[in-house]
Each structure stands twice: as structure tokens, then as C-alpha cells.
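For reference, the structure discussed in these notes is given below.
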Amino acid sequence: MQKYDIIVIGGGPAGLMAAGRAAELGAKTILIEKNNRIGRKLSITGKGRCNFTNTLELADFLKHFNNQGRFLRNPFSSFFSNDLIDFFNNLGLDTVIERGGRVFPKSEKALDVVDVLKKWCYKSGAEIKSNCEVKQLIINNDKVDGIKVYNKTENRSIQYFSKVVIVATGGVSYPRTGSTGDGYRFAKSIGHKIIPVRPSLVPLEVEQEFCMKLNELNLKNVLVSVWVNNKKEKDAFGELTFTEFGISGPTILTLSQTVVDALNNNNKVKINIDLKPALDNNKLDTRLLRELNNNGKNHFREILKSLLPSKLIPICSELTGIPADKLCNQISSKERKKLRVWLKEFSLDIKSARPISEAIVTAGGVDLKEVDKKTMSSKLVNNLFFAGEVLDIDADTGGYNLQAAFSTGRMAGEEAVKQCES
Ligand SMILES: Cc1cc2nc3c(=O)[nH]c(=O)nc-3n(C[C@H](O)[C@H](O)[C@H](O)COP(=O)(O)OP(=O)(O)OC[C@H]3O[C@@H](n4cnc5c(N)ncnc54)[C@H](O)[C@@H]3O)c2cc1C
């Protein structure tokens, strides 16, 4: 029977960072991954480019999390974005900072991030076993002693024993990447409370059927707001993309948590799109008046060409009730007002969120109240640590989620080593 100092369950960013760091500090470490290769989800992040962190200052960085700021202050204080950038640079991975402080590998390849992490783990002395699915924690006298594993390659069950176990199994979104919620099951089986999981950063389904005609239309520089029971709750500026089911894109993903919570409470939710956020009502009215005057003998659709992408023109005509072939000099001031209001408040009724399997991140997870924020260790079971998305941590898009996975993973790895030595 082989005995390790530390077993890490899960070869995502949290698990790889935990295992590499623990091994680097001298602990006999093994990482167990159920897929035939590590870092599957990591390799598709940031549309394959991996936006692994953000250069915002800590106070502003924390604002992008949903109420987990207090918990994350410790792991971020010991290993933050500048440390992560240095870490990758020292491993030979050059990085670039893009719009909004988003940091990517210079090669624009998420696979390069997986590759340097894997090499670093091996160089540090960590053992990696892939195609092995952890089925259960072995607990004796309120202390974790090891894990039961099914080795898919050898088609047999096997047990591994260790002084410490780190659970870094991720959430439940994109289950084909391996995150199928196993960590919640492990945590629950030993008495941990699981905050109910729900989709975060998820596309939305829209009632209006015309949305299907807008599939793949990408709107840039729009101001999108969420209205719950006719009260404005939150807004986001940037891009919105129409899909075959409704809407997605950075603004929608950012607002989706607010939408999901409101829908779960049976509220009526609307998304308003301000298509001309740079123009206030007066300026927009002046512009419309000028366009109409300059194009008196042209059809209404002609001036819409300068205001909207072509796919939106028939929708605008339908929703404002102004026929596309009406002459501009016949458009009344009432119709002009309707057009102005529509351009500022293109409104969509939200039917539902897409399923959690399509969410970028899982909200909910192991209750942070039962995890020591200075070590990532369980407050209920000795020698057990958690890291990454298995915890009740979720943030906006922008590199925050991966930084949280790396920082909590690093802290778990370091503290697990201290635990082994004590
Ligand atoms: C499409 C997409 C794009 C994203 N883009 C970004 C981005 O650009 N920036 C950003 O900050 N965040 C992004 N995210 C979110 C980010 O990928 C996650 O927050 C992050 O991967 C969580 O890391 P983790 O290590 O906790 O979990 P995961 O990455 O999910 O890794 C968990 C690992 O544990 C393994 N595992 C699970 N159960 C077991 C078991 N029983 N036995 C053995 N192994 C097991 C899984 O196979 C998996 O490899 C994106 C997510 C998605 C889906």
C-alpha cells in the first residue's frame, strides 16, 4: 500500500496549482483526475484563449464576486494577479493585458497554460494519475485517511492513503469537461452544507419568437439592463449576442446571476437594450429629426440603415409599427417618439436561463462558513481541504474565476504541507 502526504482530487486549475505547490514544497503528492487528460475545462476558457486573471486592484477585483469577498481576501492577499502573472512568466509563458485589464497568454492558447502547469507539476515532483475517478473519501475518526478510486484504464478499484486530501473537483457546469459535482457529494457525505447550486454566467431564453431571426447578431457598445417586476436592478455595458434560444454575450453573462435569482423567486424579468447609450433622449431626438429631414423622400428603412444592423431593421419596423416603406417626410412626431423610445428601450421578456450544464460557472457549492478562509481546510473533518469552484464561489467574466481557483488552490497546497508537517 502506497501512502502519500497529499492527495489532490481534480486536475483543473485549482488542483494543478495545489498539487504543484505542495510537491514544490517537498510533500509526496499525487493528483487524481478522472478524465484521460488534465485541464479540460481550462483548455476551453476564454474562447480557447484563457483569460486567467485581471489587473484590477484587490478592492475592485473583489467587487466582481457575489458576496465571497471576505472569504477570498486571504487567498488573494497571499497570491494575487501579479503573483500569478509572474508565476506564468517564470515558467516561460508570456502574457498580455487586454481591454478591461483582462490577462491572457501571449500565444492566445489556453492549451499552453495547461501545458506549463502540467510540466511544472512534474518538475516539482507531483505524480499525476489520469483516467482515475475518485468514488469516495475514506474517513476514520473524523479524519480523512484517503480515497477510493476506480482506475478506468486498468478497470479496477483501488485505494490511496494520505495524510491530507484536497478536493478540487470543480462545479457542475460543462459536465463533459469532468466537473459533474462529485465534490459536493463527497463534502455532503461528511456533513458539509452545500449551498444549492444554480447557473451563473449563463445565456438566457427569450419569450419573443423574433429573436430566432436575430441568431448570431452581435451588438457592440450597448447598455443592457435587468428589470425585475418593472424595477431596474442592474446594468452592464458592452456586447450582446443573439442565439438560437435568446441572448448571450458578456453583458448577458454578467447580468445572468441577477436574472436567475429573480426567476427562481417567480418574478417577471425583462432585459432592456439601450441601442444608443451615447445619446441622451434630446440628442437622439435631434439626430432622428435631422435624418428624417435629410431623407424626406426616402423610405423609413433607409435611415434605419445608418442606425441599426440590417437584421434589426424589420424588427424595429414591426415593433414600432412604422412601415419600412413609409416615406420619411410622412413620419409623424408621435412615430418619431416611438422610434426614439424603442432605440433606448428595446425590451425582451425573459422566459428562463439555459440549463446549468451550459453555464460558464456554478453558483453555490461547499458552504464557505464551514471552511477556514486562512487555510482552505474543512472545519468539520480533519486533514481535508477544498479549492476552486467546488466552493461556493462565483464571479463575473474577466479572469476572476480562474484567479480564485489558482489562489485557493495555492493556499490549500501550502497549508496542506504545513498540516503534514505538524
Ligand atoms: C466555456 C468556459 C469558459 C470559461 N472561461 C473563463 C475565463 O476565460 N476566465 C475565467 O476566469 N474563468 C473562465 N471559466 C470558468 C473557469 O474555467 C472555472 O471557474 C475553473 O475552471 C474552475 O477551476 P476548478 O479547478 O475549480 O475546476 P475545474 O476546472 O472544473 O476542474 C475540476 C477537475 O476535477 C476533475 N474531477 C471531478 N470529479 C472528479 C473525480 N470524482 N475524480 C477525479 N477527478 C475529478 C474534473 O474532471 C476536472 O478536471 C470558463 C468556464 C467555461 C465553462
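For this chain, numbers begin at 1 and follow the sequence in order.
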Side-chain heavy-atom pair [X], [Y] within 4.5 angstrom cut-off:
{"X": "I190", "Y": "L380", "result": "no"}
{"X": "L319", "Y": "F346", "result": "yes"}
{"X": "Q257", "Y": "R198", "result": "yes"}
{"X": "T251", "Y": "F237", "result": "no"}
{"X": "V103", "Y": "S81", "result": "no"}
{"X": "L25", "Y": "K418", "result": "no"}
{"X": "W342", "Y": "I322", "result": "no"}
{"X": "T408", "Y": "L72", "result": "yes"}

Is a side-chain donor or acceptor of [X] paired with a backbone partner of [Y] at a separation under 3.5 angstrom?
{"X": "N265", "Y": "D261", "answer": "yes"}
{"X": "K119", "Y": "L91", "answer": "no"}
{"X": "K311", "Y": "N215", "answer": "yes"}
{"X": "E33", "Y": "N35", "answer": "yes"}
{"X": "T29", "Y": "A27", "answer": "yes"}
{"X": "E414", "Y": "R21", "answer": "no"}
{"X": "N221", "Y": "G238", "answer": "no"}
{"X": "N54", "Y": "G100", "answer": "yes"}
{"X": "K34", "Y": "G178", "answer": "yes"}
{"X": "N90", "Y": "D86", "answer": "yes"}

Working to the nearest 0.5 angstrom, can you tell me the gap between [X] [atom1] and [Y] [atom2]?
{"X": "D235", "Y": "N272", "atom1": "CG", "atom2": "CG", "result": "10.5 Å"}
{"X": "Q330", "Y": "E335", "atom1": "CD", "atom2": "CD", "result": "9.5 Å"}
{"X": "I360", "Y": "T45", "atom1": "CD1", "atom2": "OG1", "result": "9.5 Å"}
{"X": "E239", "Y": "L253", "atom1": "CD", "atom2": "CG", "result": "11.0 Å"}
{"X": "S173", "Y": "D394", "atom1": "OG", "atom2": "CG", "result": "10.5 Å"}
{"X": "T53", "Y": "L84", "atom1": "OG1", "atom2": "CG", "result": "5.5 Å"}

> Should the pair H64 and Y400 be assigned to parallel (<30°), tilted (30 to 60°) or perpendicular (>60°) ring geometry?
Replying inline: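 Aromatic pair H64/Y400 classed parallel.
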> In terms of the angle between their ring planes, are F61 and F76 parallel, tilted or perpendicular, with boundaries placed at 30° and 60°?
Replying inline: perpendicular
Side chains of [X] and [Y]: is there a donor and an acceptor less than 3.5 Å apart?
{"X": "D182", "Y": "T169", "value": "no"}
{"X": "N218", "Y": "T241", "value": "yes"}
{"X": "S157", "Y": "K135", "value": "no"}

>> Assess the residue pair I9 and L137 against the criterion (side chain to side chain contact (heavy atoms under 4.5 Å, CB included)); give the C-alpha distance rounded to whole Å, side-chain angles, the decisive distance to 0.1 Å, and a yes or no.
In response: CA-CA 10 Å; I9 313 175; L137 301 177; 3.9 Å; yes
> Do E389 and N401 pass the side chain to side chain contact (heavy atoms under 4.5 Å, CB included) test, and can you show the C-alpha distance, the side-chain angles, and the key distance before you say yes or no?
Replying inline: CA-CA 8 Å; E389 206 177 307; N401 287 293; 5.6 Å; no
>> My understanding is that only residues two or more places apart in sequence, or in another chain, count here; which of them pass side-chain contact (heavy atoms from CB on, under 4.5 Å) with N294?
In response: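 N294 satisfies side-chain contact (heavy atoms from CB on, under 4.5 Å) with R290 once adjacent residues are dropped.
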Would you call [X] and [Y] a salt bridge, using N to O less than 4.0 angstrom?
{"X": "D115", "Y": "K109", "value": "no"}
{"X": "D349", "Y": "K270", "value": "no"}
{"X": "E207", "Y": "K351", "value": "no"}
{"X": "D112", "Y": "K106", "value": "no"}

List the atom of [X], the atom of [Y], and the distance in Å for their closest heavy-atom pair.
{"X": "Q419", "Y": "N383", "result": "NE2-OD1, 2.7 Å"}
{"X": "L31", "Y": "G11", "result": "CD2-CA, 3.7 Å"}
{"X": "V371", "Y": "F386", "result": "CG2-CD1, 4.0 Å"}
{"X": "I356", "Y": "V197", "result": "CD1-C, 4.1 Å"}
{"X": "V149", "Y": "C132", "result": "CG1-CB, 3.6 Å"}
{"X": "A353", "Y": "V202", "result": "CB-CG1, 3.8 Å"}

With a cut-off of 6.0 Å (strictly less than), are more than 12 heavy atoms of other residues, nucleotides or ligands near [atom1] of [X]?
{"X": "R73", "atom1": "CZ", "result": "no"}
{"X": "K326", "atom1": "NZ", "result": "yes"}
{"X": "K152", "atom1": "NZ", "result": "yes"}
{"X": "K379", "atom1": "NZ", "result": "yes"}
{"X": "K276", "atom1": "NZ", "result": "yes"}

>> Can you confirm whether or not the ring centre of F406 sits under 6.0 Å from the ring centre of F52?
In response: no
>> The criterion is salt bridge (Lys or Arg N to Asp or Glu O under 4.0 Å); which residues satisfy it with K338, sequence neighbours excluded?
In response: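 Scan of K338 (salt bridge (Lys or Arg N to Asp or Glu O under 4.0 Å), adjacent residues dropped) gives none.
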>> Between R49 and R102, is the side chain to side chain contact (heavy atoms under 4.5 Å, CB included) condition met? List the steps.
In response: CA-CA 11 Å; R49 297 175 64 226; R102 292 163 188 245; over 6 Å; no
